[in-house]
Amino acid sequence: MDSALFDVIIIGSGIGGLVTATQLAAKGAKVIVFESYLIPGGSAGYFQSQGYTFDVGASMIFGMGNKGTTNLLTRALDAVNVNLETIPDSVQIHYHLPNGLDLKIDRDYETFLQNLIAYFPQEAKGIRRFYDECQKVFNCLNNIELLSLEEPKYLLRVFLKNPLACLGLAKYLPLNVGEVAQKYIQDPQLLKFIDIECYCWSVVPADMTPMINAGMVFSDRHYGGVNYPRGGVGKIAEKLVTGLAQLRGEIQYQARVTKIITKQGKAVGVQLANGQIYYGKKIVSNATRWDTFTKLLPAQEMPVKEKNWQQRYIKSPSFLSLHIGVKAFVLPVGTECHHILLTDWQEMTTATGTIFVSIPTLLDPDLAPPGYHIIHAFTPDWISNWQGLSESEYTDKKEIAAGQIIDRLAAIFPGLDAGLDYLEIGTPRTHRRFLQRIDGTYGPIPKRKLWGLLGMPFNRTVIPNLYCVGDSTFPGQGLNAVAFSGFACAHRIGVDLQLRK
Ligand SMILES: NC(=O)c1ccc[n+]([C@@H]2O[C@H](COP(=O)([O-])OP(=O)(O)OC[C@H]3O[C@@H](n4cnc5c(N)ncnc54)[C@H](O)[C@@H]3O)[C@@H](O)[C@H]2O)c1
Ligand SMILES: CC(C)=CCC/C(C)=C/C=C/C(C)=C/C=C/C(C)=C/C=C/C=C(C)/C=C/C=C(C)/C=C/C=C(\C)CCC=C(C)C
């Protein structure tokens, strides 16, 4: 069944897809979003059970500050006249690391530096120089308008307005964190610490983590800060959808796109699982590049550019996630919201080696019944560890794996077993199923050491009228990063469609 022509069809309502949709609707485009799940948000969605509201992903949110230009989530919400109350987190992460390295990353930059220097006094100068250099990158970004790097007029405009910031960014685009850190720091334990500072959001150590992204994360946490949306991470997507609807943009749920329709090599529409066909002038995929170019388009016709990208980037592991409800007594007084647990540096990048913990109810108690808290504990794991099992083997394996994580969590929550009220276990298979992400992957990671961010593709693809948005486009994983990708994608499409607003 055919239907009206849309300006833009967006496949998927992750934050990347929704920022693209809202930006384009605000520019006056006729937009429709198709989402395969029941609610918007993708990996920034939520689920509710027995009085708890769980974030499906982590709850450490950057980009919700109220100043500068890098607060892209705040800006995306403002652009469609919706707002969301946020709760500031005074500590980004409490690290529990090998050899007794127990450190809180304070929101205040100077306090953070002093706390780290207390562990490595001999590296005081190097620590300051390294993190100050990250701040330099951030200051360049935070001084310019952030739009599509594929739009020459914008590049010229931004360059003429702020040449030093642009040259600064151009210098850092090919660099990784490792090479900058090693300029200033010699202590092997401290370099390991820089590795986990990167790994916990990029899923690769410092020598493979782009310097631009580190500039964002290591500086925004002290500038706009980490801020939690009241009501849960899922509120960001819900509010964007409200804004989209106010601008007459449409969204359909339980609407899985099975095919991108092409005509003479150009993308012209999409087909849904129920057989319906929709046509659009521009098609945007918020599915991963792997899903886009193997499932939504014929895998055997994959463009060379995409094949080359797959030579440079591989799928990161997925996660084993425990969504836990506990009695309040489990949390010792002074517990912070986010934790990283690692007992052996050798295990940092191995499956289930590093444990991540979020306790969003410390910021927003209404996410759990009175007297209870949420502990979301997750650890990287590969889908290959969860395949080829019978139903009962799968259930047993889940329980054993969850038991092991709970035992390890006892290091910081000794009463956890006794105070357990609720437990839901998600595996890489769960992430694949609910998020429609191939192998449940968290996103692309470099296959080998690359030139910083230079290898990450922008939004246009070699197929005319087909764009990608989200974490397999520049600058990669993270809600604020995919929000950037959404701003850039909408800007490029706005120019291509000659939208006047
Ligand atoms: N900072 C944090 O704590 C945090 C928390 C959650 C997520 N994240 C980040 O968010 C990023 C992901 O954002 P994103 O925008 O790239 O995408 P996403 O994967 O979150 O969303 C993609 C959406 O597209 C939908 N979809 C996929 N294929 C479809 C199809 N064929 N038809 C219809 N719908 C389809 C999925 O259901 C999903 O809702 C991740 O990189 C992760 O790092 C960060
Ligand atoms: C003209 C000339 C000469 C030149 C040009 C140059 C330029 C202009 C350039 C530009 C560039 C740009 C714009 C760039 C941008 C970038 C960006 C925006 C970036 C961003 C980033 C972000 C990020 C990375 C983020 C991230 C985050 C994340 C991932 C997070 C996550 C988290 C997690 C998972 C964790 C959890 C933990 C716990 C729980 C503990």
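Order of appearance sets the numbers: ligands from 1, and atoms from 1 within every ligand.
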K.L.:
Polar contacts were defined as any N/O atom of the residue lying under 3.5 Å from an N/O atom of the ligand; does this apply to Y37 and ligand 1?
P.N.:
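Looking only at distances, the answer is no, because the N/O contact criterion of under 3.5 Å is not met.
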
K.L.:
Does ligand 2 have a heavy atom under 4.0 Å from the side chain of V217, from its backbone, from both, or from neither?
P.N.:
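Only the side chain of V217 comes within reach of ligand 2.
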
K.L.:
Using a cut-off of 6.0 Å, state whether more than 12 heavy atoms not belonging to K104 lie near its atom NZ.
P.N.:
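Yes, NZ of K104 has more than 12 neighbouring heavy atoms, counting only those of other groups under 6.0 Å.
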
K.L.:
Using non-hydrogen atoms of the residue, decide whether N480 is closer than 4.0 angstrom to ligand 2.
P.N.:
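Flag not set, N480 not near ligand 2.
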
K.L.:
Would Q436 count as a polar contact of ligand 1, with the cut-off being nitrogen or oxygen pairs under 3.5 Å?
P.N.:
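Checking ligand 1 against Q436, no N or O pair falls under 3.5 Å apart.
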
K.L.:
Would you mind running through ligand 1 and noting each atom that sits below 4.0 Å from a heavy atom of G42?
P.N.:
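Listed by number with element: 20 (O), 21 (O), 38 (C), 39 (O).
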
K.L.:
Could you tell me if T258 and Q271 have a donor-acceptor pair between their side chains, going purely by distance under 3.5 Å?
P.N.:
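Absent: no donor and acceptor within the cut-off.
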
K.L.:
Can you sort out which atoms of ligand 2 are near G478, meaning under 4.0 Å from one of its heavy atoms?
P.N.:
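Listed by number with element: 26 (C), 27 (C), 28 (C), 29 (C).
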
K.L.:
I'd like to check whether S36 has a polar contact with ligand 1, where a contact means an N/O of the residue lying under 3.5 Å from an N/O of the ligand.
P.N.:
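For ligand 1, there is an N or O atom that lies under 3.5 Å from one belonging to S36.
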
K.L.:
Looking only at heavy atoms, is any part of V357 under 4.0 Å from ligand 2, and if so is it the side chain, the backbone, or both, or is it neither?
P.N.:
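Only the backbone of V357 comes within reach of ligand 2.
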
K.L.:
Look at atom CG of D344 and say whether more than 12 heavy atoms of other residues, nucleotides or ligands are closer to it than 6.0 Å.
P.N.:
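Yes, because the 6.0 Å sphere around CG of D344 holds more than 12 heavy atoms from other groups.
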
K.L.:
Please write down residue, atom name and distance for the protein heavy atom closest to atom 38 (C) of ligand 2.
P.N.:
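Heavy-atom neighbour on the protein nearest atom 38 (C) of ligand 2: M60 CE, 3.6 Å.
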
K.L.:
At under 4.0 Å between heavy atoms, is it the side chain or the backbone of L141 that contacts ligand 2, or both, or neither?
P.N.:
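Only the side chain of L141 comes within reach of ligand 2.
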
K.L.:
Using distance alone, determine whether N286 and ligand 1 share an N or O pair under 3.5 Å.
P.N.:
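In this structure, N286 places an N or O atom under 3.5 Å from an N or O of ligand 1.
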
K.L.:
Checking the N or O distance criterion of under 3.5 Å, is ligand 1 in contact with V469?
P.N.:
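So ligand 1 has no N or O lying under 3.5 Å from an N or O of V469.
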
K.L.:
Could you check whether K447 makes a cation-pi contact with Y313, meaning its NZ or CZ is under 6.0 Å from the centre of the six-membered ring and within 45° of the ring axis?
P.N.:
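Relative to the ring axis of Y313, which defines the angle, K447 lies outside at least one limit.
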
K.L.:
Counting heavy atoms only, which part of H376 comes closer than 4.0 Å to ligand 2: side chain, backbone, both or neither?
P.N.:
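No part of H376 is near ligand 2 at this cut-off.
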
K.L.:
Nearest protein heavy atom to atom 34 (C) of ligand 2, by residue and atom, and its distance?
P.N.:
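It is Y442 OH, 3.6 Å.
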
K.L.:
Could you walk me through whether Y467 and N286 pass the side chain to side chain donor-acceptor pair (under 3.5 Å) test, one step at a time?
P.N.:
CA-CA 9 Å; Y467 301 73; N286 186 205; over 6 Å; no

K.L.:
Quick check on R433: does its CZ atom have over 12 non-hydrogen neighbours (other residues, nucleotides or ligands) under 6.0 Å away?
P.N.:
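It does not: R433 CZ has 12 such atoms or fewer within range.
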
K.L.:
May I ask which of L72, D471, I212 has a heavy atom nearer to atom 16 (C) of ligand 2 than the others do?
P.N.:
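The nearest heavy atom belongs to I212.
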
K.L.:
Please state whether A255 comes within less than 4.0 angstrom of ligand 1, counting heavy atoms only.
P.N.:
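It does; at least one heavy atom falls under 4.0 Å.
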
K.L.:
For Y442 and F319, I'd like to know if the aromatic rings sit close, meaning centre-to-centre distance below 6.0 Å.
P.N.:
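Yes.
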
K.L.:
Could you tell me whether F112 and Y131 have their ring centroids closer than 6.0 angstrom?
P.N.:
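Judged by ring-centre distance (under 6.0 Å), F112 and Y131 do meet the cut-off.
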
K.L.:
Could you check whether E197 pairs with K192 (Lys NZ or Arg NE/NH1/NH2 to Asp/Glu carboxylate O, under 4.0 Å)?
P.N.:
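A salt bridge is absent here (no side-chain N lies under 4.0 Å from a carboxylate O).
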
K.L.:
Which of the numbered atoms in ligand 1 are under 4.0 angstrom from any heavy atom belonging to L479?
P.N.:
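Answer, ordered by atom number: 4 (C), 7 (C), 8 (N), 9 (C), 10 (O), 44 (C).
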
K.L.:
For I15, counting its heavy atoms only, list the atoms of ligand 1 lying under 4.0 Å from any of them.
P.N.:
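So the atoms of ligand 1 that pass are 15 (O).
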
K.L.:
Starting from atom 2 (C) of ligand 2, locate the nearest protein heavy atom and write down its residue, its atom name and how far away it is, to 0.1 Å.
P.N.:
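Minimum-distance protein heavy atom for atom 2 (C) of ligand 2 reads C166 CB, 4.0 Å.
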
K.L.:
Can you find an N or O of I11 that's nearer than 3.5 Å to an N or O of ligand 1?
P.N.:
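Checking ligand 1 against I11, no N or O pair falls under 3.5 Å apart.
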
K.L.:
Would you please indicate yes or no on a ring centroid separation below 6.0 angstrom for H96 and H339?
P.N.:
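Yes.
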
K.L.:
Counting heavy atoms only, name the option from Y199, F138, W201 that's nearest to atom 28 (C) of ligand 2.
P.N.:
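Minimum heavy-atom distance to atom 28 (C) of ligand 2 goes to W201.
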
K.L.:
Do me a favour and list the nearest non-hydrogen protein atom to atom 11 (C) of ligand 2 with residue, atom name and distance?
P.N.:
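The closest heavy atom on the protein side is L149 CD1, 3.8 Å.
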
K.L.:
How close does the nearest protein non-hydrogen atom get to atom 17 (C) of ligand 2, and which residue and atom is it?
P.N.:
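Ranking protein heavy atoms by distance from atom 17 (C) of ligand 2, first comes P475 CG, 3.6 Å.
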
K.L.:
Among all protein heavy atoms, pick the one closest to atom 33 (C) of ligand 2 and tell me residue, atom and distance.
P.N.:
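Minimum-distance protein heavy atom for atom 33 (C) of ligand 2 reads C200 O, 3.6 Å.
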
K.L.:
What protein heavy atom is closest to atom 39 (O) of ligand 1, reported as residue, atom name and distance in Å?
P.N.:
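Of every protein heavy atom, E35 OE1, 2.6 Å lies nearest to atom 39 (O) of ligand 1.
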
K.L.:
Would you mind running through ligand 1 and noting each atom that sits below 4.0 Å from a heavy atom of M60?
P.N.:
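Counting atoms of ligand 1 from 1, those under 4.0 Å from M60 are 1 (N), 2 (C), 3 (O).
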
